[in-house]
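What you see is a predicted model; the values in this text were computed from it and never measured. Chain identifiers are assigned alphabetically (A, B, ...) following the order of the sequence lines, protein sequences preceding nucleic acid strands; residue numbering begins at 1 within each chain.
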There are 4 protein chains.
Amino acid sequence: MANSLNKVMLIGHLGDEVKMHYFEGGNCIGRFPVATNESYSNRQTGEKVTTTEWHNVVVRNKLAELCEKYLSKGDRVFIEGKIKTRQWEQEGVKRYSTEIHALDMTFLTTKKDLNNPVPSNTTEPIENKTTSAPPLSDAADDLPF
Amino acid sequence: MANSLNKVMLIGHLGDEVKMHYFEGGNCIGRFPVATNESYSNRQTGEKVTTTEWHNVVVRNKLAELCEKYLSKGDRVFIEGKIKTRQWEQEGVKRYSTEIHALDMTFLTTKKDLNNPVPSNTTEPIENKTTSAPPLSDAADDLPF
Amino acid sequence: MANSLNKVMLIGHLGDEVKMHYFEGGNCIGRFPVATNESYSNRQTGEKVTTTEWHNVVVRNKLAELCEKYLSKGDRVFIEGKIKTRQWEQEGVKRYSTEIHALDMTFLTTKKDLNNPVPSNTTEPIENKTTSAPPLSDAADDLPF
Amino acid sequence: MANSLNKVMLIGHLGDEVKMHYFEGGNCIGRFPVATNESYSNRQTGEKVTTTEWHNVVVRNKLAELCEKYLSKGDRVFIEGKIKTRQWEQEGVKRYSTEIHALDMTFLTTKKDLNNPVPSNTTEPIENKTTSAPPLSDAADDLPF
DNA sequence: TTTT
DNA sequence: TTTT
């Protein structure tokens, strides 16, 4: 039983495909961006403004594989998870990246299985081009989550 | 009615005092860090590890003033809010800072009002007189266990 | 991964002690009422009104034992769980009881361990007087929760 | 700022159409049942069991009108609200009905506007045939609210 | 930088 | 970079 609470709940759309990373021990991690929107009326002009917030979602192992299999860019999901901020140094400057580590999820639209069961090699064609690797990806094996 | 959800809920302790900023139009903003902890057992060594996550909490106007008045470093709070990531450029490099914009809050310990004003023996004087049982307790008796 | 969500989060105070029930297989269940309050201003009179909502909280096994050990009437808790409505017939009339099945919890005040480590036999003296038993108690062993 | 929390979040499907009630002052209320499901494996037999939980959702005024306009039986919604238990006496017996008072909502499928912009008189053609009625629907009719 |  |  925890003595603190770190809970995030999102409903939004994937801005890109799920990018998978496989580790030696058999673990894997998936990453994808999720957009949430907020609308409000500008006080002066009265015009409606929509702002978009982007969330870096991280999933692991079984959940990651389900996401890769069933989620595509544009799909809507409900995500329950927690906030984690990674930090690293780049050229002497501390940098931070905040991620949403998803623990539970509900697929709210799954184009893939509904429209057409596409051959898996055509859905994520350039999955391997992940040039800029996130700092912690190597260490992921001995992380708590 | 929104078509997306961006919800954060935290229970944690303030790592520092509330820092206020006042704007010309009469608006104000308060900022303070909140720590949440997570414990897990290391798979190899079996030893218990506690990690701390720090959240940059932002409050506005009335809520900010309440926080400044009643919250101190070390106090425990429940926070409901949303995630916002600000970005800016520093020396040509995009930098990000993720904040929790608090919309509702519950003070779970407020040292300020507990420690000084009232003598502690007058705060819960008749704690034992809870004569009136909660509505459902009677019904509960004749319920399935 | 669920395709639906049934989530409850409460912060409130216990209206009574935790009542334990032990089953043959070694399982146990604890029950206690939790009060949440809501204040609003009456539109006509402008006077502030506070209403109290009572929640029938149910905990199982390990969590139940922790609750019995550390929670007392008046203590404040954070509860995360789900809603379950049981139904049964009484004299030909369908009756319902809605419960909050707690899955996670944070103790926000624990008078017991802070003030005095009272001998457990003095805290819940009449724990065994659970006279009226019920529909679901037998089935409890093979229930989902 | 509240000193307690009474929060419910649901993702589920409507078990019936939205039933509206209009009051003299211009206020209105809408009611509809929402089902959430949970699956688990029976420990003995190992077979997968799905249980359904029915929630009595209550909406007011603007939100009620949006629900009536855009939601139909079978639609999926995300609901954020609070738990309220009403009590009344029937033939000398105290009876309880627990409702989810929705404060915010996200329509996750809206068959009405997506499939065909049906003329409003054809949208609830067989409203009275409620064969598989959710538990509380009968009781709800003759309740206070 | 908090807390247990 | 999503979606309405």
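- Residue whose closest nucleotide on DNA chain E sits further toward the 5' end, between Pro33(B) and Thr50(B): Pro33(B).
- A straight line from CG of Leu5(B) to P of dT2(F) spans 21 Å, rounded to a whole angstrom.
- If you take CG of Asp16(A) and P of dT3(F), they are 11 Å apart, rounded to a whole angstrom.
- Scored by the side chain to side chain contact (heavy atoms under 4.5 Å, CB included) test, Ser97(B) finds Asn56(B), Arg86(B), Trp88(B), Glu99(B) as partners (sequence neighbours excluded).
- The nearest whole Å value for the distance from the CH2 atom in Trp54(B) to the C1' atom in dT1(E) is 4 Å.
- Judged by distance alone, with hydrogens and angles left aside, the side-chain atoms of Thr106(B) form a donor-acceptor pair with the main-chain N or O of Ala2(D) at under 3.5 Å.
- Residues passing the side chain to side chain donor-acceptor pair (under 3.5 Å) test with Arg60(B), sequence neighbours excluded: none.
- Put simply, CD on Glu38(B) is 20 Å from P on dT3(E), counting in whole angstrom units.
- Here dT4(E) presents its P atom at 20 Å from CD of Glu53(B), a figure rounded to the nearest Å.
- Judged by distance alone, with hydrogens and angles left aside, the side-chain atoms of Glu17(D) form a donor-acceptor pair with the main-chain N or O of Lys73(D) at under 3.5 Å.
- We find that CZ of Phe107(D) is positioned 13 Å from C1' of dT4(F), with the value rounded to whole Å.
- One atom, CG of Leu10(B), and another, P of dT1(E), lie 21 Å apart when rounded to the nearest Å.
- Using a 4.0 Å heavy-atom distance criterion, Thr52(A) is classed as a base contact.
- As rounded to whole Å, 21 Å separates atom P of dT3(F) from atom CZ of Phe78(A).
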